[in-house]
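Read the structure below first, then the notes.
In listed order, ligands and their atoms are each counted from 1. We're numbering straight along the sequence, starting at 1.
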Amino acid sequence: MDWSEYYPAFASEASETQPDSPRQLTKNVEIVDIGCGFGGLLMALAPILPDSLMLGLEIRTHVTQFVQEKIWALREQNGGQKYQNAACIRANSMKFLPNFFKKEQLSKIFICFPDPHFKARKHKARIVSTTLNSEYAFVLRPGGIVYTITDVEALHQWMVEHFNSHPSFERIPDDEAEQDPCVDVMRRETEEGKKVERNKGLKFVALFRRLEDPSW
Ligand code: SAM
């Protein structure tokens, strides 16, 4: 994966001996927004966490392109001084997450207003499941956090059950979660979050911490 085209301000100089080889980044991507939609969370978080590289994963091609172009425009409007740490790629996060990130690379994963897939026979399409939670555990470092939010109470319960029953995660108590500034951003800045706000709907938040693996 050549990340330098997504984060050019964080790419090292091209090698003199191998000028065509991909330029390394000075730091790794560490925050991921799964199913980022139109990128509201990324645009809001990028200036708040300017030293962390963040990436949106979005399955719809035209939406991905919209987000990437918006990031380029924001970089230009800010004289190249802001939004250099955000990018978006088209990817099916259910299939390719471990292809993009190394073990324990990430510090935060956001899962904001995922598609609810209400019918029981469609539950396997939900992006929280025992198998996928193991992939999230693989790419998250111990102490890293999965942030979830939804307006569908049954989906909230599903996500809580699946993370609670996974040995690599523990739920962060709500009073502690509320102290995390990212929670407020997640509530207010995603496009779905704004829609729910307009409709005066409820938002269910749950955070889960990646535990240390037991020593064998
Ligand atoms: N997170 C955004 C927000 O809160 O405004 C968008 C929420 S929208 C309801 C769900 C998004 O997840 C859609 O943009 C959809 O295309 C994307 N999505 C669904 N399945 C996905 C997958 N397997 N990989 C990547 N993105 C996916």
For [atom], grab the closest protein heavy atom and report residue, atom and distance to one decimal in Å.
atom: atom 15 (C) of ligand 1; value: E58 OE2, 3.5 Å
atom: atom 9 (C) of ligand 1; value: F113 O, 3.0 Å
atom: atom 26 (N) of ligand 1; value: I59 N, 3.2 Å
atom: atom 5 (O) of ligand 1; value: E192 N, 2.9 Å
atom: atom 6 (C) of ligand 1; value: G35 O, 3.4 Å
atom: atom 10 (C) of ligand 1; value: D115 OD1, 3.5 Å

List the atom of [X], the atom of [Y], and the distance in Å for their closest heavy-atom pair.
X: V152; Y: T150; result: N-OG1, 2.9 Å
X: A206; Y: H156; result: CB-CE1, 3.8 Å
X: E135; Y: L97; result: OE1-CB, 3.9 Å
X: E58; Y: G35; result: OE1-C, 3.7 Å

Quick one: which ligand 1 atoms are inside 4.0 Å of a heavy atom on [X]?
X: M94; value: 23 (N)
X: E191; value: 5 (O)
X: G37; value: 6 (C), 14 (O)
X: S93; value: 22 (C), 23 (N), 24 (N), 25 (C)

Evaluate N92 for polar contact with ligand 1, using N/O atom pairs at a separation under 3.5 Å. yes
Would C112 count as being in polar contact with ligand 1, using the rule that some N or O on each side must be under 3.5 angstrom apart? yes
Below a 4.0 angstrom heavy-atom separation, can you tell me which part of A91, side chain or backbone, both or neither, approaches ligand 1? backbone
Ring centers of F208, F169 separated by less than 6.0 Å: no
Could you tell me if any non-hydrogen atom of G193 lies under 4.0 Å from any atom of ligand 1? no
Side-chain H-bond candidate by donor/acceptor type, S134 with H166, under 3.5 Å: yes
When you look at Q24 and S12, which way does the side chain to side chain donor-acceptor pair (under 3.5 Å) test go after all the steps? CA-CA 6 Å; Q24 299 293 311; S12 55; over 6 Å; no
Is V29 reachable from L41 through a run of hydrophobic residues whose side-chain heavy atoms are each under 4.5 Å from the next? no
Given the rule in the salt bridge (charged side-chain N to carboxylate O under 4.0 Å, His left out) test, do E30 and R141 qualify, once you have shown the distances and angles that lead to the verdict? CA-CA 10 Å; E30 63 162 302; R141 65 184 67 146; 3.7 Å; yes
